[in-house]
Structure formats: structure tokens, C-alpha cells
Amino acid sequence: MTKRMFVKGNEAVCWGALAAQCKCYFGYPITPQNDIPEFMSKELPKRGGVFVQAESEIAAANMLLGAVASGVRAMTSSSSPGISLKQEAISYMAGSELPGVIVNMNRGGPGLGDIGPSQGDYFQATKGGGHGDYRLLVLAPGTVQEAYDLTIEAFNLAFKYRNPVMILGDAILGQMKEPITPKDPVIDDSEVHNWCLDGAQNRPSRIIKSLYLEDGALAAHNLKLAKKYEQMAQEEVRFEEFLTNDAELIVVAYGSIGRIVKTTIRKLRQAGHKVGLLRPISLFPFPKEILLSLAKAGKKFLTIEHNLGQMVEDVQLAICKFATTDFYGHLPGNLPTPNDFEQPILNSLEK
Amino acid sequence: MTKRMFVKGNEAVCWGALAAQCKCYFGYPITPQNDIPEFMSKELPKRGGVFVQAESEIAAANMLLGAVASGVRAMTSSSSPGISLKQEAISYMAGSELPGVIVNMNRGGPGLGDIGPSQGDYFQATKGGGHGDYRLLVLAPGTVQEAYDLTIEAFNLAFKYRNPVMILGDAILGQMKEPITPKDPVIDDSEVHNWCLDGAQNRPSRIIKSLYLEDGALAAHNLKLAKKYEQMAQEEVRFEEFLTNDAELIVVAYGSIGRIVKTTIRKLRQAGHKVGLLRPISLFPFPKEILLSLAKAGKKFLTIEHNLGQMVEDVQLAICKFATTDFYGHLPGNLPTPNDFEQPILNSLEK
Amino acid sequence: MKEKIVFPKPKVLADSPMHYCPGCQHGTAHKLVAQTLEELNLVEKSICIGSIGCSVFIYNYLLVDTVEAPHGRAPAVATGVKRAKPDKIVFTYQGDGDLASIGLAEIVHCANRGELVTVIFVNNTVYGMTGGQMAPTTMVGQKTTTCPGGRCREREGEPLKMAEMIASLGGTAYAARVAVNNIKNLKKAQKAIANAFKVQVDKLGFGFVEILATCPTNWKMTPLQANKRIEQEMIPYFPLGEFKNCLGENQ
Amino acid sequence: MKEKIVFPKPKVLADSPMHYCPGCQHGTAHKLVAQTLEELNLVEKSICIGSIGCSVFIYNYLLVDTVEAPHGRAPAVATGVKRAKPDKIVFTYQGDGDLASIGLAEIVHCANRGELVTVIFVNNTVYGMTGGQMAPTTMVGQKTTTCPGGRCREREGEPLKMAEMIASLGGTAYAARVAVNNIKNLKKAQKAIANAFKVQVDKLGFGFVEILATCPTNWKMTPLQANKRIEQEMIPYFPLGEFKNCLGENQ
Amino acid sequence: MSKYVDVIIAGFGGQGVMLIGNLLAYAAMEQGLNVTYIPVYGPEMRGGTANCTVVIGEEEIGSPIIFNPLSLIAMNRPSLDKFQPRVQDNGVLILNSSLVEPSLAEKNRLKAYAIPVNELADKLGNLRLANMVALGAYVQATGIVPLQAVKNALPNVISSHYAHLIPDNAKALQTGYDYAQNQGTV
Amino acid sequence: MSKYVDVIIAGFGGQGVMLIGNLLAYAAMEQGLNVTYIPVYGPEMRGGTANCTVVIGEEEIGSPIIFNPLSLIAMNRPSLDKFQPRVQDNGVLILNSSLVEPSLAEKNRLKAYAIPVNELADKLGNLRLANMVALGAYVQATGIVPLQAVKNALPNVISSHYAHLIPDNAKALQTGYDYAQNQGTV
Amino acid sequence: MGRVEFLENLCKGCLLCTEVCPKKIIVQADRFNKQGYKVVEIKPENMDKCMGCGFCSLICPDSALVVYKTVQEQACA
Amino acid sequence: MGRVEFLENLCKGCLLCTEVCPKKIIVQADRFNKQGYKVVEIKPENMDKCMGCGFCSLICPDSALVVYKTVQEQACA
Ligand SMILES: Cc1ncc(C[n+]2csc(CCOP(=O)(O)OP(=O)(O)O)c2C)c(N)n1
Ligand SMILES: Cc1ncc(C[n+]2csc(CCOP(=O)(O)OP(=O)(O)O)c2C)c(N)n1
Ligand code: SF4
Ligand code: SF4
Ligand code: SF4
Ligand code: SF4
Ligand code: SF4
Ligand code: SF4
Ligand SMILES: [Mg+2]
Ligand SMILES: [Mg+2]
């Protein structure tokens, strides 16, 4: 067995990126993800890679756009206010079909908010904080190992779909340490030379763009993108089920909150309460079908988020005709512990 | 009767702003809303107001933040990519409870997209393209008169709630001309001196901020904001109903598409089809209750948007248990005409 | 007796007509860049970063690999490309709204870092594409659609002199301002553009050329009047010349 | 015989302890600004634009009306406030990451437009608040958490000299660089800050003071070592002095 | 049935189609009618063709964009090719016969007027008045507003800079009106 | 039941609570256990108190943040005040009796150890080893991992710069361990 | 000695070439090209005044003219 | 003649004042204040060396000292 490493979630993202053969990192400091640029500034150059501290989050996102346009695996990271600044570039990457990887270690908002954990950026990540009809593939790790694994996945998926992928963590995931088992993934980039920019040698020049002015061109382009999102929905749904089989109540929670709720559920199980957890891992595509089948099986639902109610809409949409989900929002600014969720779960169970 | 004026939607927004006593405009050129900064550069200074062409959309949004912090009515406008750039500042304004008015004349996306109409920014406008839990009050005019009226409203609501308000139009609304009847609204700004920054004379100094680090402070702040959104949901829902009473099928469509669908509906009515329109005017707060009551009355639903499906989620959430809405998405990049919607409506009717 | 073509059209320049207005010197600038790429034999290693402005369709005319940068961000995109592919020749092509207004932080930092990229900056004192609004380079007194009374020094400040500002930065290896309004200036422009690429080839630092250019449409002038304005109004305020040249040191 | 207080603490400065690290010269800068506001009798007309950095809590110490600007955007916010309320005295207080990195476009354009605002720029060559990352003003060779081997001229360029850049712009009426490391410099700093406000009061243009300041924590030095570094390393690269002063012309 | 008409006005960039669209709409507004005007920019950025749509009616107007209009003013051949097939049966067509062969008009299906607007404008001494000639003809053909209303509206759409040309424009409107009245449909 | 413990370690900023949290977690990991470590920054930005939570168990660990921990290492009075009431009944408390009055321990409810960690560290010649003394005592009190495992983990959490201090740290761990063993609970 | 070939479909009639020609032989024609621009020409009688300096070609933004210059063939190649 | 009053709770022990004092009478004390900083002091026997120049007060980032200077009262006010 490979030796386990004991690392922060932020560092796990970096190790995952290195394993996925990320060659360039562009970033700008912001708490609680500074370990990422700091790690990359030390480790990437050693491995022949490139670290650039950009002048801003906007510049970082656009450096990312440039690097991936040349076919190289690259990444940027930030936290909430910085991610807001990247929205234009993210929309451009989606429109230009560029495989950038973007990490958001969500902090409290709106505005400057605080530097603690929050899930207030769910909508921004999944519904497109930028303009136009596009979707990011959004992965929400709940453990440090998952932060590592999903970062590797993120790169592979970005290149598979030529679409930006977001890792959505939070201040808890970024700052906590857990052991991880490193991997040595096989990276297949054989397709890249078919589209990347590397000088028009012995071939016509290539254009990477998102402008479509000719009659019907933007419509066709939007349809093409929609097909990709459809394919993602078919192939990339990820979630964790925990004690759902005999559960009366399914708690739906993602990321750090998902894992914290797990502890609550274990405790409530010991007290004989039939409660289970559905933890979406891919937030887009959202695990609709499993939720639907749980709804059809007559379960009750409670969505728990570290915000005032965002994913709950996706849960409700998934189970629509068959069930209604309760909602419990842990407020940004307050650190969540398993105790916080006991009563809300019991309340929903009793209804 | 006041003399009618024949103006573009973009100009109507400006006239509305002037009527609402907007004193400052900050903007950056982008098609299809350039008439707004051009008009303001000519007309505001004449009236003792201020026009600044900012160095960027980001700067414009932050100038707006500054101007409204001093208690003055002010506005910025842009179109999709530029609105993406304003997201951080918008989140700050929401977090700092500042009454900025932001106009988005939606164009095709993602990325550079095109300069034609689109409703691709619905999610961004209504679910928060910026970070954190916040909401804009979003008003979607369907006519040039409404562009005028709702801009006046926008200023009043922004100051009523101390919350940013967005006017969400599109390239059609911005470019089309219609007659408008000007108004002379009464502006009540008597509350402003209680919170605005104007120099700490004979009072303690004031702070306008969105940072809340003390234990529980950000949570309390988020709750306070949530209560405001709740109040908006109670008091500010706006919509238009058209021939819904005896309709079998309710088409839900907003803005330009809403009015274009109206023509289709008139035509289908002539052919005896029982179809009506529910046009949300406030997109946030969303007219859930009227939709729910129509659903309870057993109507069928078809949501039509000029995008790949965004508002349809809010419609579905509103009618959940009682009905399912069909969706027809007119693709961004294609200009919509009433003909485009005939078949989709007939299809839904027949189901 | 034989005939040869004088200044043959570069092959990397497409044969199709360009969408620019009559007398618009974006066309001239394109041609000069094309000539340089061919002369220095860089065509097949070049990656162009297009920007948002009237030249947004540059990829239809200049047949090198091109990526479209968001408005103002071309220097950041160029940084990404060059760092990822250090053996390629990377250049941006930007207008004055793009480079000197929304993209000011990006251009200054790109130059200051000494990125090994070349920037072609077309200064036509106006936002061409969006219909003639004021630019940071609009001359004092010049009327545009957003300074209908003429740019006012008190309210809007003076036009930014980008070539000088860029020349003052440590990472810059070459910075010049040129015009393409007459044959003498055209020849100097050609040389300046070549130098701005050479500093990249020789890895000396950041290369920058500001090209004073006409926008007859938004200046509301005939192409000939516009061309005269370059000489009479622009050059006196925006002096031509090399403001920094590190090639000498190493040649 | 009577006693009087020498350099009494300005009343506009709160009595509560500040959150800054020992020897951090943000405190000194706050005090100088406070003194100036009182001397020029501006306290009750002032609106401060706070920025994001260690000084984010300035409103707890400097008891004037204050609005918090997003990171880097204080000059834009200041523009909004001043244009809306031209009779108020508006100033920003910004760090070097804030002003010279993410906010570069905003500061340059604000100065270039000649906005009647004053900017207090605290240059401590590092991102203090976020834990000591490289800033645009980090010295070549200086180690930070994102240039662990020391800032490298080739890869990261040279430190930006903001006072000089700002002085070169048409709208700037006053630009100076000062230090607060010894009594002589402190007195000059006091005067410079006053001048930067006076050009606003007299409506001459944009006022700018760059204050070289210590960040002992992230420099990993004692306050005394840090204070020495100002003299030994920083001032030689960042020369002190007035780079532009239009007060003379009008006085 | 209540008054209603919609029209697509299309031509080359410089032919002034936007101006007459505006003028017609303005005149209709002053008659107390509801009206919308929308310019339609094609993908072409500069030069190329231009068109606008005007909708006039007694009732509230839904769509300002019309796929199958009731009438068309085609100032050049590409405009005719593109829009004529979309005009509704029995619709009105004003054709610029100076540039387009009148035989191309679908005269069996449409009330088609062939108006040599360039020549008529040239005779008035200003080729740029061709658009007004066309609009005059259109007003005659549809009767949607009185010609005088259109003339009265001129000062509201012509910039003050060109105010001295208002009488000429009025004359051109009249010329088109008279020509259509005299010649009738093709 | 399977092995499980969680602990909040809290103290002043400079007392090295993060380091021993890390060390404990690392040692547990090397024993093949699951483990999480999370630093908790309060609203204070600089100075003030610091704490971290370590969770160790044979089974997969859910929450890394614990409201009612099974054990507490309280290095100063504010930490005791804040966290002692939250420790579960029969939980373990390691109290820094150099700074906190041992009588403040809820000894009826908790297995409380009063360890004068400052004095003990001082005797070892380095006040900064107080944290290690506390951890040694904790390891003795809970037996969650062998003391040797903790000593073995030292090189992984102490930066190479301070490698020469590893033996001292090991000695401090032992000192705390022995002290707890000898004195038992209060 | 020189000669100029006009690529009329590319010409936009900007007249910049007319100004730089040292011989002033390029003039506006009466023709419009299919894009609607009034093109330029050299009257046949003036063509032999052309020196083949290429100035017109250099300044033309639209590469609408090709200048040929007669070159002395070298005796031995 | 001068005299200095230390606001110990504000002092962070940075020692900047010790350096600028022309008399070098300010020294680190053995005490910690309640924030945990080792404060500075002027030993009582040295206080009368103070000239009341205020340099220490000028440089102190935390306004932790107040300098009093003895002033001659004017004959007629
Ligand atoms: C974020 C963003 N803001 C604004 C625009 C609109 N826009 C397109 S081009 C342009 C300015 C063009 O001016 P310039 O850079 O000077 O180029 P020119 O057209 O004059 O060559 C603007 C503001 C945009 N596309 N994206
Ligand atoms: C958009 C955005 N990006 C990044 C940050 C994180 N951040 C906070 S302060 C700061 C830099 C502080 O450095 P500086 O401006 O030099 O101030 P100092 O703390 O050194 O006084 C950064 C990057 C933020 N709050 N917002
Ligand atoms: S608008 Fe100006 S810059 Fe744009 S193509 Fe026309 S002349 Fe050139
Ligand atoms: S980190 Fe640096 S700048 Fe921030 S308070 Fe401490 S010393 Fe001052
Ligand atoms: S310069 Fe070129 S485009 Fe202009 S008139 Fe001459 S040939 Fe035509
Ligand atoms: S080549 Fe020279 S001489 Fe000949 S037409 Fe052109 S400019 Fe005139
Ligand atoms: S006032 Fe002057 S002499 Fe007295 S302690 Fe302070 S610095 Fe020393
Ligand atoms: S300068 Fe101020 S804070 Fe520093 S040691 Fe002296 S009195 Fe204390
Ligand atoms: Mg320009
Ligand atoms: Mg700093």
C-alpha cells in the first residue's frame, strides 16, 4: 500500500492536481484557500510546472483560459468573492469549450462576509454565476481523500468534455487534515492535439472563441453545449448513499455538511431512528434519479445546507410529484457540529 | 394628458431614472445598451447630475456602491458579460444593504456570444450570480412603458429595502421603440439621512460594510437579509395575467418573450384554442402563489423562455405537487417571432 | 526584363475582404503584423490572442492559431499561453478601450512581469466597435457619443500615454509608438513591430508597439481627413518613437 | 509652570487597542491621517473608503464615516462618493496588494481622471492580511509564502513604483512617497499627508501618498529589525520625496 | 375589426430605412394608435442590409417582431428576396423599381406597387429622399395614417441639423403618395 | 464497540495547541486509524485563543467538528471555561494546572487530570515544551495510541528547522505521560 | 518602371493611396464595386508614369492593389 | 522638561520608542500587560532626563504613550 499522507484539504487538491498532471497554476491569495497557491508556488516549479501569482482573480482565470487553450492541464483556485470575479472568464471558457479546473473553497457571504465555512455559493456554482446558458461540472468533496480523488477526476472530466469543472469545497474541507492515499492515475490526453493551439504547422489555423454572429450559429452552439450537459447527466452523476434502505427520512446534504450530518445520523440510528443520508457528490449533474426513486419509495426528505436554501430547490425539483423536502439551513457564520442537526432531523422524522 | 414620447427601451430606462431622481450614472459601453450611457452623458449633467464613464464594469459597479452609500440615487447598466463582471460588487451591495439599481440588457451567451436578445441570464439575476446568500429584486419589463415605470419602481424599491434592484431586459426591449407616457412620481427619501454617509457631524461615525467576523454576527446578518427577502415576497410580487380564466393551458413567459407570446396567444385564441399567459414581472420575488392557484385549478403549463430552460425551474417549484410544466426554449442567437411559439403551444395543449 | 511584386501581400493574410470601414487602419496594422511574422519566420509557431473590439474577427484575416480573450484580458490570456508553451510566439492585438481602460491592470502587470509576449496596441482614440464612445486615449476636446461636448480635462482627465507608461516598467524590453499615416511612418512602424517580436524571440522581455490609427467612422471624417488628424492632432500629443529598446544592449 | 501634551492623540482616533501586530506601522499611518483630518478641520466632512487588507477594521479606529470597498476597488468607490457628494472630503486607505495588484486599473484611472480624492497607500511589500504572500511591491529577493525562493526578477518582475507612476498622470495634483521609520521621515510624512488632502480641499486634483511601512509578522522580523529594513532595503529602491506637487503653483 | 398593420422596411445600410420606420411609427403614435418600432441588426456588423419592423394597431401590441408581415417596403433586391415570401397573402408590397425588376413582385398574391423611388427622388433634386418617396407610396397603399400626419411628424424624427430639409422631405412623401395613387398596383 | 475518541485542544495563540493536535492525529494515522484534524479559528484575527479538534476512530469519521467532545486539553482558563461544560460525562480532561486552578475541574463528572505543564516543561529546560507534556498526559489518560507512536510521529510534524529538538519533545511527552500515570485524576 | 493591378472587390475607396502616390496618378473611378464602394483606378494613359515605388500598396489598409516593378534581369543568373 | 505616561494596556512592546528616544531612557520592562505584551517603561530615576521632545509618542504605532512638556506660563494671558 502506498504510504498515506496527512494533509489539509487544500493540499489534497494540490496533490490531486499534480497527480492529474496539472502543469500550470494561476491564483490570487484569499482565505481560506491560501495553502493552494502557497503549495503550488513551492511544488510546481520543482516539477517543471508553472506557478504564477496573478494580479487578480480575473487575471488568474484568464491565464487559465490561455493555458488550457494551448492544451495544457491547468488550474485556478479562490474563495467566494474571488470566484465572483472569475464569472466572466468562466462563461468564456464554457462558451469556448475550454477545460479549465476551478476550485472554490466557499466562505461566508455575501460581500466580504467572513472567512469561515459556508455553502452560500451553491447556486453560483451550479446555475451559472456567469452570463448565458452554460453549466460547469461541479464536484463537491466531503473528505480530504475525496478532495484528492475528485481533483484528479476534475481534470479528466474537463478534458473529456472540454468544459470547465469546478471543485466546490468550503473552509472546513480546505482547512481540515485527514490521511489520504495517493494514486498514480493514467492520464489520456491523446485527443488534445486535435483542438489545442500550438501553432498552425502543416494544418489550417485554429480558432478558439465564443463569438457566434452568423445566422443560427449561436443557436447551434448552444444546442451543442446542451447536448454535452445532457451527456454529463447520463454519465457523470456521483453520490453517496448511507443507510437509505430502511430509512424513513432521507437527509440530503453535500460536502462538509454531508459528512457532519453523517455523524448525527449515526447517533440517531443508535437511538433507533430510521434516518439515512443521500450525499450528492456531483452537484451538476445533480443526482436526480436516485432521489426520485427514493421519493417513489415513499421516503420523507430533509435537505440540510450551510446556507439559507439553495440545493433544496434541486432536491425538490428531483422529487416533485412524489414528495416534498423539508429544509434546515445552518447559518453562514456559525460553525456546524453534528449536534446542530439532531433536532431538525427529529422534527422532520416526526412530521 | 402628458404628451407621449416615442423612445427606445434603453431610453425609457433613462427617462425613468431621471423621473426617479437618479443623480449619478456610472457605466461602460457594451452593446445592446449603449443608448443608456450615451443618453445619460448628455442629459444628466444638464440636470446637475453626474455621468462617469468608468474604466470597466467593475469600476462602474463600485462607483455605484460608493454613490448610493452616500445616500444618492444612482444607477449602472450593462449587458451580459459586463454584468458577470459586476457580480462581486453586487454581492457587496447586497451584503452592505445598499440600494443600487443595475440594468442588464441581456444578450446571447455564454462568453462573447452575440449581440442579439437572449434570456440566458435569468439564473444569474434571480439566484445570485455573486457569492453568498443574497437576492436582488429583479424586475423584467415587457414593454417600453414598463421599462420606464419599473425603473422608477426600481429606485423606490431599492431605497425601501436598502437592497440592490435589477432591471432585466434584453436586446429587444433595449432597441425597440414604443410610445411612453411620462410621470412625475413623488419621491420619498426621508429615511436616507438615517443611514447614509455624509460626514459624522454631531453624531457617531457610521460604517457601511459587509464583513461580520464576531461570533454569530454573520449568521444574524444573513437572517436579517432573509427577512427582507421574505418581506419582498409578501409585498412585491408583480405579474400580468392574460386570458387565464378559461384557459386550459397557461403559458409562462417573461419580458420580451412574454409579449411576443401574447401575439401568438391572440392568434391561437382566434382559432379557438383555450390558452392564456402568465407573465411574471417580478422575477424575484417570483409569482409563486398565482401559479399555484392556477395549478390547483387544473391548468396545464408551458414555460417559454429565450434560453435552454431556467425560469422553468421556478415555475415547476411553484406548481410542484399539482402540475408539471412543459418547456419550450427558443435558442439564443435566433430572433423570436410569434410564429415560433405556435407549434410548441399547440403541442402542449394537445398533451 | 522581369516583373516582381513590390511589397507582396503576406500569405498569412487571408484573401477575403475585411469587415473594417473604408480607410480603417486596423487593416494596415494587420498587414504589418502579418509581414513581420513572415519575415521573422514565426507564422507556424505563433499564437495570437484576439481581443474584443472592431478587430474581434482578426482570426478571419490573420491565419494563425488564435484564442479570443475576454474584453481587456488578452495580456492575461497571453501569459497563460506563453507560460504553458514557452517555445511558441505569443502576441496580443488590442484596441485602446480594451488595453488602456478595462484591461489596464492586465497590461501593466504583464509588462511588469516581463512576460515574453508581444503586444500590438491599436490606439484610435475611441471605442470603435461599440459605436464611438470615449476611450482613455480620447483627445481633450474630442467629441464622442459619451462625451458629447468633447472630452473635458477637468472631468475626464487627459489621454493616457500607454507607450510611455509601459516603457517605464522593469519587465519591458521594447516599447514604441508608431503611426501608419504616411510612408515614412509606415516604414518605422514595420521596424518597431519587428523589434517588438524580436525581444520575444531573444527572450529579452516584454515587447510593445502602440499604433496610432484612424477610425474614420466614429471620428465622423473621411478616411483622408482622419489620416490628416493623425499628423495634426494625435502625433503632437502622442509623440512617435522608441521609448525603450533593449535589443541594442544584446545585439 | 504648566504641562501640555506633546503631540496629543487625535480625538478622531478611538481609544481602544488596535488589532495590528506589534510594531505594525498601519497604526502609525492611522495616527498621521487622524492628525491631518483634525489639523485641517476635516473630520466632520470626511468619508473614508476602507479597503480589504489588515486595515479592514480602520472604521473601528478612525472614527469617520466609512464604507468598505471590495478588494482593490476603493478608488472607484471613492469616485462614486465624491461625485455624489462633491462637498465632502473623500479618501481611501489601501494596502499594496489592494492598490497595486488587483486594483491597479482603478487607482490609475481615478488619478488620471483627476478625481478630487486623497489616497493613503500603505506599502509594506507584502499581503499582510492573508498571511504574507508576494505583492507587486515585494522586493527582488524577498521571500514570501508564494515566492518561497525569493522574488525573482525574471519570473515575477520588479517591484512597482506606484508614487512615480501616479505622479506621471495628468490628473494627479500631489504624489509623494514617505516613510515613518524615524522622526525626520515622520515629520515629512505628516506634511505629505496634509498636502495630499490640501489638493483635494483646493480642488487641484488627485492626492496620493505612499507610506513605506513595516509588516514585522510577515517579514519574520522583530519590529526593530523591520524598521531598519525600511531604511536599508526599501528606501534605496523606493526613494522618498515629492514626485508631484501642484500646491506650489497655486499657493 | 380594429385597425392593425405591420410592415418590414428593408434595404441597404445607407438607404434610410430606419428613418422612415421611425417616421411612420411616430406619425401613427400621434394619431393615438399603439405602435412599436424595432430595428433588426443582422449578423453583419458594418455595411450590409438593414431592416426594421413597425407594428401599428388600435389594440395593445404584442410582438414587435413579425415573421409574416402584412406589408413590406423593399428598397433593394436582397430585401425582396428575403422578405417577400414571408408577406401574408393579400399583403402590400412597395418595391423600389429603380433597383429591382418589378416583375419579381408576386403580384398575384400581393398588392404590389412598383415605385421608381430613386428616379423620383433624383427628380426632386436629392437621391437621399428615396426613402420618403417609398414611405409616401406606402401610406397611400395602406391608408394606415393620413399623409399629413406623416408630414407633421417629420420634425420629430429629423435631427435639428437637417431641419431645413423638412419641406423637401414632405415633398418627397407627397411624390410617392401621388405616384402610388396614379399608377396603382402592378 | 470500536475504538473512538475525539478531543478539543485549546489554549493561547503561542502555546502550540495546533502542533500537538497534528502530532496526535499523525500518530493515530500511523496506527492505521482513521483520523481528522481541524484548526478552528475564532473571529479573532491575530493573538487570542486557538483550538483544534482531533477525531480518531476505527470506523470512518463523519464530523471533524465536535460540539460535545469526549475529551479536552485545556491549556488556559478561557479554554476551560468555554469547553469544559461541553465535554461529555465521563470524558477526559487534561488541565494545565500551571495556569488554571485545578479546583475548577468538574471532577465529579469528568476524569480530570491536573498537570502543571509549564512547571514540568520549565524543569525540562524549555517552557515551549508545555504542549508536549500535556499531550503525553493525554495519551496516558486515554490510551488511544501508544506513547511510542506519538514519539515516532514527531519528525513528521516538527519542521526540519527544529529537528534537533525532537529528543527534547519526546522527553516532554514522556514526562507528561509519567506525571499523569503517577498522579492520576484529581 | 512599375504597374499597378487593382483588386477592385477589395477596394473600399478610402483614397489613401491617391495621396501617397508621388506621381498622383491614382484617382477615384466612376465605378462602384459589388460592395458598393467607389473604387480607384489609374487611367491607362497614366500607367506608365508609375515608378513601382509601392507606396500605394504599403498604405492600402485592404491590400487592394498589387504593384509590379520591372527588374533588370541579371546577365548570369 | 518632560514626562511620559504609559498607557500600558495599549502597548505592544514593539520597542520602536526605545530607539528614537534621544535620551535612551525608555526600556523594556519585566511586566506583561493583559494582552500578553511585554511593555516598556522609564525607570523613575530616569524620568527627569526626559526632554519632552515627543519623539517616542510620534513613532508609537499604538498611541501607547503620552508625553507632557513643562511650559513657561505667559506673564499676561
Ligand atoms: C466585458 C465587456 N465589456 C464591454 C464590452 C463591449 N465592447 C466590445 S468592444 C469594446 C471597445 C472597443 O474599443 P477598442 O478596444 O478601442 O477597440 P476598437 O473597436 O476601437 O478597435 C467594448 C467596450 C464587451 N464585449 N465585454
Ligand atoms: C476579491 C478578493 N480577493 C482576495 C481577497 C483576499 N485578500 C484580503 S486582503 C488581501 C491583500 C492584503 O494585502 P495588502 O493590500 O497589501 O494589505 P496589508 O494587509 O498588507 O495591509 C487579499 C488578497 C479578498 N478579500 N477579495
Ligand atoms: S468603427 Fe472605426 S475602428 Fe471600427 S472598423 Fe470602422 S473605422 Fe475601423
Ligand atoms: S500582518 Fe503585517 S500588516 Fe498585518 S497587522 Fe501584522 S504586521 Fe501589520
Ligand atoms: S488605399 Fe486601397 S482601399 Fe483605399 S482607395 Fe486605394 S486601393 Fe482602395
Ligand atoms: S507604385 Fe508608386 S508610383 Fe506607382 S501608383 Fe503606386 S504609389 Fe504611385
Ligand atoms: S519625550 Fe523624548 S526624551 Fe522624553 S522619553 Fe520620549 S523620546 Fe525620550
Ligand atoms: S512604541 Fe508604543 S507600542 Fe511600541 S513599545 Fe513603545 S510604547 Fe509600546
Ligand atoms: Mg479603439
Ligand atoms: Mg501590504
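This structure is a prediction, so every number in the text was calculated from the model and none was measured.
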Tell me the closest heavy-atom pair linking D:S101 and A:A54, and the distance in Å. OG-O, 4.3 Å
List the atom of D:I102, the atom of A:S56, and the distance in Å for their closest heavy-atom pair. CG1-CB, 3.5 Å
Taking side chain as everything from C-beta outward and backbone as N, CA, C, O, which of these in D:E68 sits under 4.5 Å from a heavy atom of chain A? Side chain, backbone, both or neither. side chain
So, the part of A:P37 with a heavy atom under 4.5 Å from chain D: the answer is both
CD of A:E38 to SG of D:C147: how many Å apart, nearest 0.5 Å? 10.5 Å
A:Q53 side chain to D:M134 backbone, donor-acceptor under 3.5 Å: yes
Where on A:F51 is there a heavy atom nearer than 4.5 Å to chain D: the side chain, the backbone, both, or neither? side chain
Can you confirm whether D:K45 is buried at NZ, in the sense that more than 12 heavy atoms of other residues, nucleotides or ligands lie under 6.0 Å from that atom? no
To the closest 0.5 Å, what do you measure between CE (A:M40) and OG1 (D:T146)? 13.5 Å
Check: A:N34 side chain, D:T130 main-chain N or O, donor-acceptor pair, under 3.5 Å: yes
Chain D heavy atoms under 4.5 Å from A:L85: which part of the residue, side chain, backbone, both or neither? side chain
Aromatic rings A:Y28 and D:H71: how do their planes relate, parallel, tilted or perpendicular, breaks at 30° and 60°? tilted
Let's test your reading of the structure: which of A:T31, A:V50, A:L112 forms the most heavy-atom pairs below 4.5 Å with chain D? A:L112
